[in-house]
Amino acid sequence: MLTAVVLPTYNESENIARLLHLLREVLPEGFFLVVDDNSPDGTGVIAEQCALEFGNIEVLHRASKQGLGSAYRQGFAVALDRGVDVVVSMDVDFSHDPRVIPAMLASIVAGSDAVVGSRYVEGGGTKDWPLHRRLLSKWGNLYTAAILGVAVRDCTSGFRAYRATALTAIAPETTAAEGYAFLTELVVRLSRKGLVISEVPIMFADREKGTSKMSGRIIAESMLLVTRWGILHRLGQFRKMLKSVLHRRKS
Ligand SMILES: Nc1nc2c(ncn2[C@@H]2O[C@H](COP(=O)(O)OP(=O)(O)O)[C@@H](O)[C@H]2O)c(=O)[nH]1
Ligand SMILES: [Mg+2]
């Protein structure tokens, strides 16, 4: 099974080489695609050196910081173009443990269209995350699942594996969100298409090196979009219900 791992980076010079090394151990045949937004700390250059050293690695150099959603949109398009069977997405800061990937791939082989590395299923959790991030993530996910009516417990986890056909079917290139909302939108699309989404537990560790790029703007974007999608979804349900009642009255 040909597997691509898409790795968005912005200022990950202290993490990228170690992660690519570990990934190569876990997936000796895997294709790794680094999507670097011209990191001022030289992440892109280090990634190029790793490509020479470890092989089967490509680095997309983008002109400037354009956000996680945009990096994934471009990275997914390149990975799918390569004709791989599975596309994995993950953070580069060791919050996501590459050693979980084989379990995700096994779940795809067993029939899942997408697998989410989940903090909020039995056996999963967060380690060393500050309280405000824990609360924001946990409550944000409860709100998201409730308002959107999706049965996925961790809609904002960036650690995932997608069957290539499923990823193509949900057309990630037609999304517009910049931050976590991008991840939520993909889950919603998978769910609405009736594709099989499973979750494997992960222990999410806070980054030890480098700094988070999460911002108030990204949180606001996520809350706004999730609320908008939720209202549209509920309105759609209401309209359907009304139609069926009127139809029953007539007949
Ligand atoms: N290419 C690219 N990668 C980004 C951008 N913002 C974040 N990332 C990467 O996305 C991953 C998750 O970002 P991070 O700052 O750790 O977010 P957090 O885990 O929510 O605090 C990391 O690998 C980052 O380097 C961006 O604008 N462009
Ligand atoms: Mg992180």
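Both ligands and their constituent atoms are indexed starting at 1 by order of listing. All of these numbers come straight from a predicted model, not from anything done at the bench.
The pair Asp37-Lys65 fails the salt-bridge criterion, with no side-chain N (NZ, NE, NH1 or NH2) lying under 4.0 Å from an Asp/Glu carboxylate O. Of the charged side-chain nitrogens involved, none lies within less than 4.0 Å of a carboxylate oxygen, so that Lys209 and Glu12 do not count as a salt-bridged pair. A salt bridge links Arg189 and Glu185; the closest N-O separation between the charged side-chain nitrogens and carboxylate oxygens is under 4.0 Å.
A distance-only check finds a donor-acceptor pair linking the side chain of Ser212 to the backbone of Met214 [under 3.5 Å]. The closest donor-acceptor contact from the side chain of Ser222 to the backbone of Tyr180 lies at 3.5 Å or more, if one exists at all. Looking only at distances, no side-chain donor or acceptor of Glu173 sits under 3.5 Å from a matching main-chain atom of Gln74.
The protein non-hydrogen atom at the shortest distance from atom 6 (N) of ligand 1 is Lys65 NZ, 3.5 Å. Nearest non-hydrogen protein atom to atom 28 (N) of ligand 1 is Asp37 OD2, 2.7 Å. Of all protein heavy atoms, the one closest to atom 4 (C) of ligand 1 is Tyr10 CB, 3.9 Å. In terms of protein heavy atoms, atom 1 (N) of ligand 1 is closest to Val35 O, 3.0 Å. Ranking the protein heavy atoms by distance from atom 8 (N) of ligand 1 puts Leu68 CD1, 4.0 Å first.
Of all protein N/O/S atoms, those lying under 2.8 Å from the Mg ion (ligand 2) come to 1.
Taking a cut-off of under 4.0 Å to the non-hydrogen atoms of Val92, the atoms of ligand 1 that pass are 23 (O). Close contacts of ligand 1 with Thr9, meaning ligand atoms under 4.0 Å from a residue heavy atom, involve 1 (N), 2 (C), 3 (N), 25 (O). Against a heavy-atom cut-off of under 4.0 Å, Tyr180 is close to the following atoms of ligand 1: 18 (P), 20 (O). Less than 4.0 angstrom separates some heavy atom of Asp91 from each of these atoms of ligand 1: 11 (C), 12 (C), 19 (O), 23 (O). Every atom of ligand 1 with a heavy atom of Arg207 under 4.0 Å away is listed here by number and element: 14 (P), 15 (O), 16 (O).
Side-chain polar atoms of Thr144 and Asn141 form no donor-acceptor pair below 3.5 angstrom. Of the N and O atoms on the side chains of Thr43 and Ser13, not one donor lies less than 3.5 Å from an acceptor on the other residue. One side chain, Thr156 or Arg119, offers a donor N or O that lies under 3.5 Å from an acceptor on the other. With 3.5 Å as the limit, one finds no donor-acceptor pair spanning the side chains of Ser157 and Tyr120. Neither side chain, Arg73 nor Thr174, offers a donor N or O lying under 3.5 Å from an acceptor on the other.
Geometrically, ligand 1 and Pro8 share a nitrogen or oxygen pair separated by less than 3.5 Å. Considering backbone and side-chain N/O of Asp93, one or more are found under 3.5 Å from N/O of ligand 1.
Using a 4.0 Å cut-off between heavy atoms, Arg62 makes no contact with ligand 1 at all. Contacts of Ser212 with ligand 1, taken as heavy-atom pairs under 4.0 Å, involve both backbone and side chain.
For Arg133, the closest heavy-atom approach to ligand 1 falls below 4.0 Å. The shortest heavy-atom distance from Gly67 to ligand 1 is under 4.0 Å.
Here the side chains of Leu23 and Leu19 are in contact, with some heavy-atom distance below 4.5 Å.
If you check each of Lys213, Gln74, Glu12 against atom 15 (O) of ligand 1, the one with the closest non-hydrogen atom is Lys213.
For an aromatic pair to be called close, the ring centres must be under 6.0 Å apart, and Tyr162 with Phe76 satisfies this.
Taking the six-membered ring for Trp and thresholds of 30 and 60 degrees, His96 and Phe204 have ring planes more than 60 degrees apart, a perpendicular arrangement.
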